[in-house]
Amino acid sequence: MGALASNQLSWDVLQFAAFLVVLLAATPILGGYMARVFSGHKTLLDPVLRPVERLLYRLAGVDEKEDMDWKRYAAALLVFNGLGMLAVYLLQRVQGVLPLNPQGFGAVPRSLAFNTAASFVTNTNWQAYSGETTMSYLTQMMGLAVQNFLSAATGIAVALALIRGLVRRSARGIGNFWVDLTRSVLWVLLPLSLVLALVLVSQGVVQTLSPYRTVQTLEGGSQTLALGPVASQEAIKELGTNGGGFFNANSAHPFENPTPLTNFLEMLAIFLIPAALTYTFGNMVGDTRQGWTLLFAMLLLFGVTLAVAYTSERAGTPQLAALGVAAPTAMEGKEVRFGIGNSILFADVTTSASCGAVNAMHDSLTPLAGLVTLLNMMLGEVVFGGVGAGLYGILLFALLTVFIVGLMVGRTPEYLGKKIEPYEMKMATVGVLLPAVLILLGSAIAAVSKAGVSSLLNPGPHGLTEILYAFSSGSGNNGSAFAGLNANTLFYNLGIGLAMLGGRFGVILPVLAIAGSLAGKKAAPAGPGTFPTTGWLFTTVLAGVIVVLGALTFFPALSLGPIVEHLTMWAGR
Amino acid sequence: MTDESLDQRKQNGLPEEPGNPYASHEPHPKVRSKTPRAHRFTPAMIKQACKDSFKKLDPRYLLHNPVMFVVEVGAILTTALLLRDLWVALAGGVAPSLGAGAWRTSLLFDAQITVWLWFTVLFANFAESVAEGRGKAQAEALRRTRTETVAKKIVGQNPDGSPRIERVAASSLRAGDLVWVETGDIIPSDGEIVEGIASVDESAITGESAPVIREAGGDRSAVTGGTRVLSDQIKVRIASNPGDTFLDRMIALVEGARRQKTPNEIALTVLLIGLTFVFLLAVATLEPFALYSGTVASLPVLVSLLVCLIPTTIGGLLSAIGIAGMDRLVRRNILAMSGRAVEAAGDVDVLLLDKTGTITLGNRMATRFIPAPGTTPEQLADAAQLASLADETPEGRSIVVLAKTEFGLRGRDLKQMGATFIPFSAQTRMSGVNLVQSGQGSTVREIRKGAAEAIEEYVRSKGGDFPPEVRATVDEVARGGGTPLVVAEGARVLGVIHLKDVVKGGIKERFAQLRRMGIKTVMVTGDNPLTAAAIAAEAGVDDFLAEARPETKLKLIRQYQAEGRLVAMTGDGTNDAPALAQADVGVAMNSGTQAAKEAGNMVDLDSNPTKLIEVVEIGKQLLMTRGSLTTFSIANDVAKYFAIIPALFSTTFPALGRLNVMALSSPQSAILSAVIFNALIIIALIPLALRGVGYRAVGAAALLRRNLLVYGVGGVIAPFIGIKLIDMLLSVLHLA
């Protein structure tokens with residue numbers, strides 16, 4: 001048994017390593033490609049896509065040469081996302097009378113429809129519903145899948161705007177939202193999704209518009225198999241760090257995630273674009289080391305959380321071990337197909353990257369591993385983070401770090417030559433702290449209100465963790481659920497819906513404001529007196545600031561949730 | 001005075017005026033302690049600071065410091081609760097739920113918490129008051145010099161052409177009035193001399209007791225109210241209205257009366273407010289979470305947690321750091337017109353430095369005698385020495401010294417030789433000596449020295465010729481960066497004295513240090529490019545601007561600024577004013593014109609251009625101190641959590657006791673220790689805040705590593721030790 005266990009350990013570690021190696025290898029390739037795409041250079045796909053792009057602009061009446069200032073950029077973004085949210089809401093409300101509804105699902109209730117619309121527009125993909133019993137194929141494809149693309153593209157656009165703010169000098173404009181959006185979808189998200197969907201189909205992920213099928217089981221009973229256009233939605237679910245599963249079981253479902261290869265690819269797909277965007281950033285600011293520094297800060301945090309979670313999961317539950325259950329003892333809530341290693345890697349990846357797809361139930365993780373998934377979201381979804389959102393999120397932290405620590409070299413703090421002054425500090429502080437405010441406020445209200453507590457399936461510290469998780473998932477635009485909490489109530493649908501909107505646009509607006517302000521500044525050339533924002537020192541300090549700010553904010557709440565759970569579990573051994 | 005005009009004077013052999021700012025500087029201008037500046041902390045100042053700490057408890061005042069305001073609100077809350085509990089105790093005896101002993105313990109605990117919360121606010125106020133103390137004492141000293149003086153206002157002209165004078169109070173003078181100031185008078189207000197020359201004692205402003213010359217026209221025409229004329233008389237046009245004089249501004253500045261938050265301070269305050277808000281929320285939401293968990297946290301404990309978490313250390317010391325930074329400048333005799341300028345000084349990446357006085361000694365030294373054809377070097381040296389013996393200018397002295405060292409020529413008694421010294425005059429642009437043979441009465445030898453053109457004119461007037469070989473020598477010397485001084489006797493040109501700029505000792509190292517700080521040095525000079533290049537190479541500056549005129553200087557500054565660089569410069573002349581105004585940091589010399597002083601954002605009372613380097617260091621120190629204490633403050637929070645969280649909930653969740661890594665003796669003692677540490681650390685760091693974190697020119701990366709280790713890592717570790725020690729002390733004293 002011991003030999004088997006240590007064998008398992010080396011296999012797991014090997015797989016973690018393989019995952020990171022492939023990720024790091026893909027980063028400069030995709031990152032470099034995206035830099036070309038968004039700097040307007042020629043790419044291989046241009047002959048096919050340029051006509052499409054031009055046609056779209058003509059149809060929409062967009063002038064692709066227009067350079068928008070930040071307010072105009074923000075207005076375009078808000079209007080576009082507002083309309084998108086309205087569309088998803090209406091689609092759910094009227095899906096009963098629309099085609100492609102083989103199961104004949106009726107209108108989605110108002111509060112749930114609001115929650116779902118907010119959820120998919122904000123790239124959260126929190127699901128207070130079960131897909132296979134609520135949403136028609138049309139809603140899934142025309143509403144949810146479309147938003148999967150658009151919300152991811154919105155994230156990329158905001159990140160691009162911020163990059164331009166850092167690069168441009170004494171300029172007013174920060175780019176064109178429509179162009180950024182369109183090019184993100186056409187050049188990046190669609191081609192990647194297409195390739196991934198095909199691979200997934202080859203591995204057995206279903207892709208059909210036929211109704212659910214009832215089959216005879218081996219025991220002679222009958223079972224209804226939910227089907228649908230899964231593969232096409234699965235690919236963008238991961239690539240766009242969306243996370244909304246076609247089925248309720250998400251990536252634990254064999255039709256979404258059938259083989260070890262699909263599992264590996266799905267995890268990779270989650271980190272792919274967020275990681276590559278750091279390279280794109282470095283490339284566009286003219287110093288790829290700047291990008292690698294951000295990536296290594298993310299990797300550092302990811303490595304630590306993975307180690308903690310994996311160790312805790314392997315240690316398992318002492319009470320079960322005492323009953324004579326053979327190791328591993330922490331298998332409840334996990335797919336046997338994936339085991340501890342792949343479940344923990346997936347859990348850490350999905351919560352770090354604000355994806356929210358799951359292949360194991362986070363509710364059943366050991367308290368410490370649960371704490372890790374929770375903290376990943378509380379840190380602001382900046383460890384890789386959502387597509388685009390992770391980059392602009394960690395850039396906000398970089399600004400804060402440069403400000404706090406940069407003063408220590410005796411200069412007004414500057415990032416990439418841009419001075420950080422009261423206006424940027426105001427916006428960065430709002431952007432970094434607002435999600436934390438939403439989490440704390442929402443959870444506190446839930447913890448003492450009848451509406452909040454009555455949804456809980458578990459009392460005590462675990463119940464508090466469930467509440468914290470729900471609001472962290474919403475505010476951080478992650479969307480994964482801890483389970484154990486009945487989220488489809490008026491209170492949670494509204495509360496988490498608002499948290500999602502606040503956590504998304506309450507960060508995007510300050511980021512765009514910073515982009516606008518930075519673009520208007522001159523850049524001071526770097527010299528020996530300037531604070532170096534590359535290298536191991538800054539990597540460590542940046543990671544440190546992210547952890548310290550996050551930990552300081554949430555330590556009291558966490559101490560009453562997972563921390564006390566963990567300590568109690570091991571004290572009661 | 002621009003470098004150019006100064007050079008011109010030198011070339012013409014113009015003597016140095018006593019008031020020349022460049023004349024008397026040591027190569028390494030160490031800050032000399034001057035009588036009114038060197039204020040140490042006196043017991044009286046500490047006493048005043050203590051008093052002020054209480055005055056500053058006024059919430060309306062504290063509102064400018066949001067972090068401490070929150071602490072005060074917390075202190076008021078706990079005080080109110082404490083009073084209520086005491087009232088209940090006096091009125092109705094013991095609270096029903098608790099036994100008498102437990103109740104007394106809880107009251108003692110709450111009382112101690114309350115006291116320490118108040119101390120936290122007081123300590124922060126004290127830090128600010130102490131920082132202000134020095135400035136206040138100084139302002140007091142300045143005020144004493146501003147005695148009510150009587151001004152002699154010129155109201156018209158007497159028939160004999162002398163000014164008609166009316167005696168009025170100095171405070172009634174307006175800008176534009178003309179006043180008459182004579183020996184012994186105090187100059188009634190700031191102004192510009194329109195007529196006359198006088199020596200002035202400016203010690204009231206600068207602390208420097210040696211008198212300076214002020215004269216009409218040129219770059220040393222400004223006089224400052226409150227200074228005293230020692231000799232001669234001048235007519236002054238008043239330049240400022242009452243209440244707006246230099247002395248008034250100086251008093252306001254050192255007193256900190258008009259202190260506004262600088263941009264960096266505002267940005268930092270924004271961050272601190274943000275953190276305070278989030279911690280406020282983290283603590284406020286703890287109560288619902290505690291309620292959910294079936295327990296409750298008492299208000300004093302929650303307030304304690306809040307006060308420990310919010311950045312009180314930096315919040316309490318922030319304004320003290322800013323005031324102390326200004327104070328450090330004032331002690332070096334520099335008046336910064338705004339804190340913004342001091343901050344900008346830390347960011348400067350280009351220093352424009354005038355060659356003369358900053359890079360080179362103000363005066364040129366004779367280094368070589370180059371005789372004309374048919375003259376021996378000894379003859380030239382002999383004549384040059386004779387012509388210079390009575391010449392007290394540094395150049396003149398250096399000629400005498402050179403003649404002695406090269407040819408062993410000793411000083412001679414000029415009187416015995418019947419010599420008359422011909423001083424330099426603007427008409428002849430020469431100086432020299434006439435030697436009279438004893439008994440004869442008519443001049444036999446006329447020796448002159450001066451610029452080539454002047455001597456040429458002189459010898460031609462005597463019927464002589466200016467030999468082409470000498471002309472060639474003159475050009476060669478000029479090309480090599482030197483100044484040629486031609487010597488003639490009668491109609492005969494004897495040769496050339498090579499005067500050379502002498503680069504100040506140690507300045508090269510200073511520039512190397514600046515380079516390591518990431519600051520580029522640019523030498524500005526009126527010299528031709530060849531000369532400038534030679535001196536620039538010798539001094540080790542990064543770049544130079546030759547044949548500089550005020551316009552080219554301004555253009556250069558704009559060019560650097562367009563590249564995103566911050567530029568600092570010094571200047572004193574009226575034609576420097578546009579450049580001073582354009583530069584991000586413009587340090588005007590106090591000896592300079594009124595226009596220059598108004599254009600710059602700092603005034604150096606010592607008129608020492610090298611001090612710009614120190615200004616930069618002070619600016620950097622100011623920012624570093626803020627950053628270091630902010631980092632320290634935030635890093636501190638880690639330990640406080642480990643003290644307070646287990647203490648808060650270990651009765652409900654005994655397992656949380658494992659987080660009590662410091663093994664603090666009891667929940668009460670843990671919380672109290674954290675609060676006490678939090679208050680004491682403010683006091684402990686006051687000296688650092690006033691002194692500033694030491695700056696070393698080692699480059700940003702190395703500086704960052706060092707400071708991160710000290711204030712970041714140190715900030716995490718220090719409170720663990722401090723809180724444990726306080727806890728042990730509390731246990732020993734049975735206070736908790």
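In the text below, chain A, chain B and the rest are named by the order of the sequence lines, each starting its count at 1.
- The only member of A/T539, A/I546, A/V545 that meets side chain to side chain contact (heavy atoms under 4.5 Å, CB included) when paired with A/L542 is A/I546.
- In this structure, A/F555 has its ring center closer than 6.0 angstrom to the ring center of B/F642.
- For A/V548, the part lying under 4.5 angstrom from a heavy atom of chain B is the side chain only.
- The shortest heavy-atom contact between A/G452 and A/Y492 is O-OH, 2.7 Å.
- Neither the backbone nor the side chain of B/L648 comes within contact range of chain A; no heavy atom of the residue lies under 4.5 Å from a heavy atom of that chain.
- Contact annotation for B/V616: neither backbone nor side-chain heavy atoms come within less than 4.5 Å of a heavy atom of chain A.
- Using a 4.0 Å cut-off between charged nitrogen and carboxylate oxygen, A/K419 and A/E421 do not count as a salt-bridge pair.
- Tested against B/V67, the residues B/T313, B/T269, B/L275, B/T276 include a single side chain to side chain contact (heavy atoms under 4.5 Å, CB included) partner, B/T276.
- Most heavy-atom pairs under 4.5 Å with chain B, from the set A/P532, A/G463, A/P556: that is A/P556.
- Neither the backbone nor the side chain of A/S170 comes within contact range of chain B; no heavy atoms are under 4.5 Å apart.
- A distance-only check finds no donor-acceptor pair linking the side chain of A/R168 to the backbone of A/G520 [under 3.5 Å].
- Atom NZ of B/K640 sits about 14.0 Å away from atom CD1 of B/I671, to the nearest 0.5 Å.
- By number of non-hydrogen pairs under 4.5 angstrom with chain B, the leading residue of A/K522, A/M425, A/M408 is A/M408.
- Per-residue heavy-atom pair counts under 4.5 Å with chain A were compared for B/L629, B/V283, B/T630, B/V278, and the maximum is reached by B/V278.
- Classified by interplanar angle (parallel below 30°, tilted 30° to 60°, perpendicular above 60°), the ring pair A/F538/A/F531 is perpendicular.
- When each of A/L441, A/L440, A/T530, A/V405 is checked for heavy-atom pairs under 4.5 Å with chain B, A/L440 comes out on top.
- Atom OH of A/Y423 has more than 12 neighbouring heavy atoms from other residues, nucleotides or ligands inside a 6.0 Å radius.
- Contact annotation for B/Q561: both backbone and side-chain heavy atoms come within less than 4.5 Å of a heavy atom of chain A.
- With a threshold of 4.5 angstrom between heavy atoms, B/E563 approaches chain A through N, CA, C or O but not through any side-chain atom.
- Interface residue B/L268: backbone and side-chain heavy atoms are both found under 4.5 Å from chain A.
- Taking chain A as the reference chain and counting heavy-atom pairs below 4.5 Å, the highest number among B/G712, B/A655, B/A701 is found for B/A655.
- Both the backbone and the side chain of B/L281 come within less than 4.5 Å of a heavy atom of chain A.
- For B/R515, the part lying near chain A is the backbone, with the side chain staying farther off; criterion is any non-hydrogen pair under 4.5 Å.
- For chain A, the nearby parts of B/S628 are the backbone and the side chain; heavy atoms of each come within less than 4.5 Å.
- The candidate from A/A524, A/A447, A/P459 with the greatest count of non-hydrogen atom pairs under 4.5 Å with chain B is A/A447.
- Between the side chains of B/N264 and A/T412, no donor-acceptor pair is found at a separation under 3.5 Å.
- In this structure, chain A has a heavy atom under 4.5 Å from the backbone of B/A562, while its side chain stays farther away.
- Looking at B/L656, the atoms closer than 4.5 Å to chain A (heavy atoms on both sides) sit in the backbone and in the side chain alike.
- In this structure, no portion of A/I439 lies under 4.5 Å from any heavy atom of chain B.
- Among A/L552, A/L567, A/L537, the residue with the largest count of heavy-atom pairs under 4.5 Å with chain B is A/L552.
- Within the 4.5 angstrom heavy-atom criterion, no atom of A/L434 approaches chain B.
- The existence of a salt bridge linking A/K418 and A/E424 is excluded, since no basic side-chain nitrogen approaches an acidic carboxylate oxygen closer than 4.0 Å.
- One distance of note links CG of B/L688 with CG of B/L317; it measures 8.5 Å at 0.5 Å rounding.
- Your options are A/P422, A/P461, A/G417, A/G544, and the one with the most heavy-atom pairs under 4.5 Å with chain B is A/P422.
- With a 4.5 Å cut-off on non-hydrogen atoms, B/F279 touches chain A through its side chain but not through its backbone.
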